[in-house]
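Here the structure is a predicted model, which means the values were calculated and not measured. One-based numbering along the sequence shown.
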Amino acid sequence: MSFFKRMFSSEYRKALAAEAEGDFITAARNYALCGEEDKVADMHLARARAEDSPEERVKALNNALSLLHRDDSRRKTVLRLLGRALRRQAKAQGTRTEEGRRLLAEAASVYEDGELWEKAGNCYMKLNDRTSAAEAYSKAGMVDKVEELLTKQEEVRGRRRREEDLFKDYEMLLLSGQRDEALAALRECVATAAEVTKGDYRRLLSSLEQRILTGGLITLEIERRRVVLVGRFPLWLGRDADCELQMRGPAVSRRHASIRVGSDGRFIVEDAGSHNGTLLN
């Protein structure tokens, strides 16, 4: 629009007045009626800088970006601001939530569009996407950072292989009845595992430990004879046929005593109200 047409255009005068008052939405609307796309983009950019709401800031920046040609010198500035706004939104949402991760991925894409490779790499690192991060840092010319990432990736792969091997050992040992060895393999698996899988292994370990405590093995020495019992606790001793260890003799009651596991994992012998009592050792 020529200078004289602007001066006689009511929309243009309204746009100028709205801009002076800080009403950037009205200013943008009136500049658009005048065909002043550059000024419309400026108004959206000004609105973005004035906005307190992250969501509204992102909306205003996207509006500004849609009006700029790829060779516009302002485009890179808008992309930098948009990426920053998206990262702040992601942080507010929580970077481990689905929405937070979506916003981080969008920020990374925005930074790549503006060839802001280091910032894109930082977003990918927060997403734990080390491959994309390494590519972005490489384009930024950050050779040391790329080498560090590749080394960490190899360490992660090695730890993952070790984790898988230990879990296979656990399954094999458990199937062959070597429960103590299986327990040791699973404990090492928990210590080796990445955070994303550690919780599942911990739950499995807890379940296995409980099973071993409630259904275990105990060795008793009775009249210089060793008796090995395998079963569940509590374990009953007495003359009754339903006792796990049946004992004969006039001094033995029908249900004489029991052996159970205490809260600290140690065995406890309890007399069951027998006629002659129970002596330990």
Side-chain angles (χ1 to χ4, degrees), residues 22-25 27-28 40-70 72-157 159-160 163 190-203:
D23 185 356
F24 301 117
I25 295 176
V40 175
D42 284 341
M43 291 306 97
H44 286 302
L45 191 52
R47 178 190 162 206
R49 288 186 171 124
E51 276 291 349
D52 292 327
S53 165
E55 293 80 6
E56 290 300 318
R57 189 179 301 120
V58 167
K59 189 185 298 183
L61 288 166
N62 274 317
N63 286 337
L65 189 63
S66 68
L67 295 164
L68 299 177
H69 300 292
R70 293 200 68 85
D72 194 308
S73 61
R74 294 170 295 174
R75 196 169 185 276
K76 193 163 188 173
T77 299
V78 173
L79 288 167
R80 182 183 287 107
L81 292 171
L82 180 56
R84 185 191 303 167
L86 287 165
R87 286 179 68 177
R88 286 178 178 172
Q89 267 192 290
K91 186 177 181 181
Q93 290 286 336
T95 54
R96 294 192 177 184
T97 65
E98 185 177 347
E99 179 62 11
R101 291 178 66 79
R102 185 193 69 77
L103 289 164
L104 270 178
E106 188 177 343
S109 178
V110 165
Y111 283 137
E112 285 184 333
D113 191 11
E115 298 184 350
L116 300 161
W117 301 114
E118 183 179 358
K119 293 181 181 297
N122 293 341
C123 287
Y124 284 125
M125 283 298 293
K126 287 184 179 296
L127 289 166
N128 204 30
D129 184 350
R130 296 181 184 275
T131 301
S132 296
E135 289 176 3
Y137 288 140
S138 177
K139 289 176 180 177
M142 303 173 71
V143 178
D144 292 345
K145 193 80 171 178
V146 174
E147 289 179 353
E148 180 187 341
L149 263 177
L150 292 175
T151 301
K152 284 183 178 178
Q153 274 186 297
E154 190 53 43
E155 288 174 358
V156 168
R157 289 193 194 101
R159 189 167 63 244
R160 192 172 296 141
E163 173 190 328
V190 169
T192 305
E195 287 302 319
V196 68
T197 54
K198 197 181 287 285
D200 293 334
Y201 291 133
R202 276 180 178 153
R203 284 187 287 273

Answer yes or no: does atom CD of Glu154 have more than 12 heavy-atom neighbours from other residues, nucleotides or ligands under 6.0 Å? yes
Would you call Asp144 and Glu148 a side-chain contact if the rule is heavy atoms closer than 4.5 Å? no
Tell me, do Glu112 and Tyr124 make a side-chain contact under 4.5 Å, heavy atoms counted? yes
Could you tell me which non-hydrogen atom of Ala133 sits nearest to which non-hydrogen atom of Gly121, and how far apart they are? CB-O, 3.7 Å
Could you check Arg75, Arg74, Arg70, Lys76 and say which one makes a salt bridge (Lys or Arg N to Asp or Glu O under 4.0 Å) with Asp72? Arg74
Side-chain donor or acceptor of Lys198 paired with backbone N/O of Ala193 under 3.5 Å: yes
Closest heavy-atom pair, Leu79 versus Val110, reported as atoms and distance to 0.1 Å, is O-CG1, 3.2 Å
Might you work through the side-chain contact (heavy atoms from CB on, under 4.5 Å) test for Arg87 and Leu103, ending with a clear yes or no? CA-CA 7 Å; Arg87 286 179 68 177; Leu103 289 164; over 6 Å; no
Does the side chain of Leu86 come within less than 4.5 Å of Leu104's, by heavy atoms? no
Within the side chain of Ser66, is there an N or O that forms a donor-acceptor pair under 3.5 Å with the backbone of Asn63? yes
Measure across Val146 and Ala134 and return the closest heavy-atom pair with its distance rounded to 0.1 Å. CG2-O, 3.6 Å
Contact summary for Ala28 and Val40, nearest pair of heavy atoms: O-CG2, 3.5 Å
Looking at Arg159 and Glu163, is there a salt bridge between them, counting it only when a charged N and a carboxylate O are closer than 4.0 Å? no
Could you check whether any side-chain N or O of Arg101 sits under 3.5 Å from a backbone N or O of Leu127, counting only pairs where one atom can act as donor and the other as acceptor? yes
Do Leu116 and Arg80 come close enough that some side-chain heavy atom pair is under 4.5 Å? yes
Does NZ belonging to Lys59 count more than 12 external heavy atoms closer than 6.0 Å? no
Taking NZ, NE, NH1 and NH2 as the nitrogens, is one of them in Arg102 or Glu106 under 4.0 Å from a carboxylate oxygen of the other? yes
Minimum heavy-atom separation for Pro54 and Gln89, please, with both atom names. CB-CG, 3.7 Å
Between Tyr137 and Glu118, is a side-chain contact (heavy atoms from CB on, under 4.5 Å) present by the stated rule, with each step listed? CA-CA 6 Å; Tyr137 288 140; Glu118 183 179 358; 4.2 Å; yes
Test item: side-chain donor near acceptor, Ser53 and Glu55, under 3.5 Å: yes
What one should report as the nearest heavy-atom pair of Ala90 and Gly100 is CB-O, 3.4 Å
Tell me, with the steps shown, if Thr97 and Thr95 meet side-chain contact (heavy atoms from CB on, under 4.5 Å). CA-CA 6 Å; Thr97 65; Thr95 54; over 6 Å; no
Quick check: does any side chain N or O of Tyr201 sit under 3.5 Å from a backbone N or O of Thr192, one acting as donor and the other as acceptor? no
